[in-house]
Amino acid sequence: MAFNDHLIAVGISHHTANVEDREAFSVSPELVPSLLGRLRDDGFSSEAILLSTCNRTELYTVPGHRGDMDRLARFLAESGGVTDKSVADKIYRKRDQDALRHIFRVASSLDSLVLGEPQIVGQIKDAFRLAQQSNTAGPVLHRVMDHAMRVSKQVRTETDIAKEAVSVGRAGVELARQVLGDLKGRSALLVGAGDHGRVVARSLIGYGLDELIVANRTFERAAAMADEFNGSAIQLAEVERYLPRVDIVLCSTAASRILITRDDVATGLSKRRGRSLVMIDLSVPRNIDPLVNDLDGVYRFDIDDLAQFAGRGQAARRVAAKRAEDIVEEATQLHWRQLMGQQVSHGIGQMVQGAELIRQAELDRIQAMLKALPPDERSAVEAMTRAIVKKILHRPLRTVRDWAECGDIEKTDAVFLAFGAEEEQNE
């Protein structure tokens with residue numbers, strides 16, 4: 001797009017990194033506004049949205065005067081404290097039409113760990129809301145997000161991609177049933193009272209779970225969820241005391257640290273009298289120490305384990321995904337032309353305005369000579385100069401529109417630069 005308004009997406013996801021690497025890039029919601037503000041204030045982005053989920057951390061941005069794909073990728077890595085080059089190299093970079101296509105695929109759950117999962121739409125909306133609150137969602141990203149939500153809705157209504165989709169949370173419940181058998185008479189401790197936790201709690205209760213205990217950093221939220229499912233609420237500090245008595249522990253929080261250590265679990269093992277303990281960690285960064293796997297009778301699953309299980313039901317949805325990919329591609333072509341048209345129209349306006357200013361300046365230089373002419377001759381000079389400008393601009397403007405239709409942004413930028421439109425915009 002003209003005037004440096006390129007669309008860029010940089011990020012890391014389950015496609016390029018395992019859960020250990022992804023958790024280094026994870027950004028908690030309370031830190032997002034400050035990172036977006038830094039991007040804007042340091043000139044890296046004129047518009048920016050930061051999406052951070054258990055499966056991906058991605059930055060969608062219209063770069064500022066200091067922004068390019070490599071600098072934005074480095075910013076993402078440095079914000080997560082990532083200094084290992086092998087990890088930083090897993091950041092992918094997409095630009096312009098490729099970036100728009102990627103955003104559409106993410107919103108349509110075509111890029112998800114579990115094909116067709118429904119949570120991603122809400123996560124994108126939350127990321128966009130944070131960007132709006134941080135004043136980093138400008139006109140380009142507003143249009144991009146609007147288009148992305150429309151494409152997502154079309155994919156879900158016109159294909160079966162989401163039919164019987166198994167969420168990662170639901171997969172955790174299924175794995176618990178495989179280890180423990182019937183959930184009747186069983187108890188579960190849910191650490192975290194967010195939307196993911198609510199989905200899992202509903203599945204647990206649906207399979208006959210006898211008791212649900214909810215722990216959360218904010219006790220009021222834990223109590224509200226417990227009431228919803230006729231369970232009980234405890235303080236987060238009480239979690240260790242309840243580990244010996246429950247059959248399932250499920251963590252789904254935004255905490256950036258280990259909440260349940262190996263020693264926490266080992267201390268209560270003798271009180272379990274040989275009963276198995278299933279521990280499901282939906283959080284990224286992880287909240288349950290991976291070393292609990294070393295303990296007898298303890299079965300721990302993280303987000304990648306659950307995804308492999310959930311993925312077993314994807315074969316039928318892959319057929320629907322072919323149509324979904326076609327929808328995304330058609331929408332990418334259409335909406336990219338719309339975005340390009342809006343940007344190119346602005347650039348063309350700058351070109352025409354600049355040429356008119358030059359024409360007026362040249363006529364002003366010979367005002368004395370023009371005043372000596374009869375009115376009809378002065379009108380003829382005026383008309384002739386306008387016609388000259390129009391003819392000079394005709395071919396460049398037609399070419400710019402043709403290039404814009406083809407998505408060739410570099411060439412349109414070069415024309416605008418040659419005619420001085422970019423400098424006028426940046427002044």
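In what follows, residues are counted from 1 in the order of the sequence shown.
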Side-chain donor or acceptor of [X] paired with backbone N/O of [Y] under 3.5 Å:
X: T253; Y: A255; result: yes
X: R300; Y: N293; result: no
X: T159; Y: R156; result: no
X: D302; Y: D305; result: yes
X: N287; Y: I258; result: no
X: S283; Y: P285; result: no
X: E238; Y: Q235; result: yes
X: S379; Y: P375; result: yes
X: D289; Y: I260; result: no
X: D281; Y: R286; result: no

Would you call [X] and [Y] a salt bridge, using N to O less than 4.0 angstrom?
X: D42; Y: R66; answer: no
X: R150; Y: D146; answer: yes
X: R129; Y: D126; answer: yes
X: R323; Y: D160; answer: no

>> If the condition is side chain to side chain donor-acceptor pair (under 3.5 Å), which residues does D111 pass it with, not counting sequence neighbours?
In response: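 Once residues adjacent in sequence are excluded, the partners of D111 under the side chain to side chain donor-acceptor pair (under 3.5 Å) criterion are H15, R56, R105.
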If I compare all heavy atoms of [X] with all of [Y], which pair ends up nearest, and what's the gap?
X: A9; Y: H102; answer: CB-CD2, 4.4 Å
X: L190; Y: A201; answer: CD2-CB, 4.1 Å
X: A254; Y: S28; answer: O-CB, 4.2 Å
X: Y92; Y: S13; answer: OH-CB, 3.3 Å
X: A148; Y: A107; answer: O-CB, 3.9 Å
X: A73; Y: I91; answer: O-CD1, 3.3 Å

Measuring from atom [atom1] of [X] to atom [atom2] of [Y], what distance do you get when rounded to the nearest 0.5 angstrom?
X: L209; Y: I205; atom1: CG; atom2: CD1; result: 5.0 Å
X: N135; Y: R40; atom1: CG; atom2: CZ; result: 6.0 Å
X: C251; Y: I280; atom1: SG; atom2: CD1; result: 10.0 Å
X: L76; Y: I12; atom1: CG; atom2: CD1; result: 8.0 Å
X: E23; Y: N18; atom1: CD; atom2: CG; result: 8.5 Å
X: S134; Y: R38; atom1: OG; atom2: CZ; result: 13.5 Å

>> Among D68, T61, D96, which residue satisfies the side-chain hydrogen bond (donor to acceptor under 3.5 Å, both in side chains) criterion with H6?
In response: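 Only one of D68, T61, D96 forms a side-chain hydrogen bond (donor to acceptor under 3.5 Å, both in side chains) with H6, namely D96.
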> When you look at CZ of R217, are more than 12 heavy atoms from neighbouring residues, nucleotides or ligands closer to it than 6.0 Å?
Replying inline: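 Not more than 12 within 6.0 Å, no.
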>> More than 12 heavy atoms of other residues, nucleotides or ligands under 6.0 Å from OH of Y299: yes or no?
In response: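 Count not over threshold, so no.
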>> Determine whether M279 and V298 satisfy the following criterion, side chain to side chain contact (heavy atoms under 4.5 Å, CB included), listing intermediate values before the conclusion.
In response: CA-CA 7 Å; M279 307 192 77; V298 178; 3.9 Å; yes
Any side-chain heavy atom of [X] within less than 4.5 Å of one from [Y]?
X: K94; Y: I8; result: no
X: R386; Y: E356; result: yes
X: K125; Y: M145; result: no
X: H335; Y: R143; result: no
X: T136; Y: L50; result: no
X: D264; Y: L243; result: yes
X: I120; Y: S109; result: yes
X: R22; Y: I303; result: yes

> Do Y60 and E47 get their side chains close enough for a donor-acceptor pair, meaning under 3.5 Å?
Replying inline: no
> Do the ring planes of F44 and F75 sit parallel (below 30°), tilted (30 to 60°) or perpendicular (above 60°)?
Replying inline: tilted
> Would K322 and D326 count as a salt bridge (charged side-chain N to carboxylate O under 4.0 Å, His left out) if you check the C-alpha gap in whole Å, the side-chain angles of each, and the deciding distance to 0.1 Å?
Replying inline: CA-CA 6 Å; K322 175 63 173 64; D326 290 342; 3.2 Å; yes
> What do the steps show when you test R359 against E382 for salt bridge (charged side-chain N to carboxylate O under 4.0 Å, His left out), and what is the final call?
Replying inline: CA-CA 9 Å; R359 187 186 74 84; E382 177 81 15; 2.9 Å; yes
> Who are the side-chain contact (heavy atoms from CB on, under 4.5 Å) partners of P374, not counting sequence neighbours?
Replying inline: D376, E377
> Can you name the ring-ring contact (aromatic ring centres under 6.0 Å, His included) partners of Y242, sequence neighbours left out?
Replying inline: none
> Is there a side chain to side chain contact (heavy atoms under 4.5 Å, CB included) between I392 and I388 once you walk through the steps?
Replying inline: CA-CA 6 Å; I392 289 173; I388 290 172; 3.7 Å; yes
> Can you check side chain to side chain contact (heavy atoms under 4.5 Å, CB included) on F104 and E329, steps first, answer last?
Replying inline: CA-CA 9 Å; F104 286 176; E329 187 58 34; over 6 Å; no
>> Checking D98 against R101 for the salt bridge (charged side-chain N to carboxylate O under 4.0 Å, His left out) test, could you report, in this order, the C-alpha distance in whole Å, the side-chain angles of both residues, the deciding distance, and whether it holds?
In response: CA-CA 5 Å; D98 287 340; R101 181 182 296 105; 2.9 Å; yes
> Would L59 and L72 satisfy side chain to side chain contact (heavy atoms under 4.5 Å, CB included), going step by step from the backbone distance to the final call?
Replying inline: CA-CA 8 Å; L59 177 65; L72 290 164; 3.9 Å; yes
> So Q119 and Q123, side-chain hydrogen bond (donor to acceptor under 3.5 Å, both in side chains) or not? Walk me through it.
Replying inline: CA-CA 6 Å; Q119 286 85 7; Q123 292 166 337; over 6 Å; no
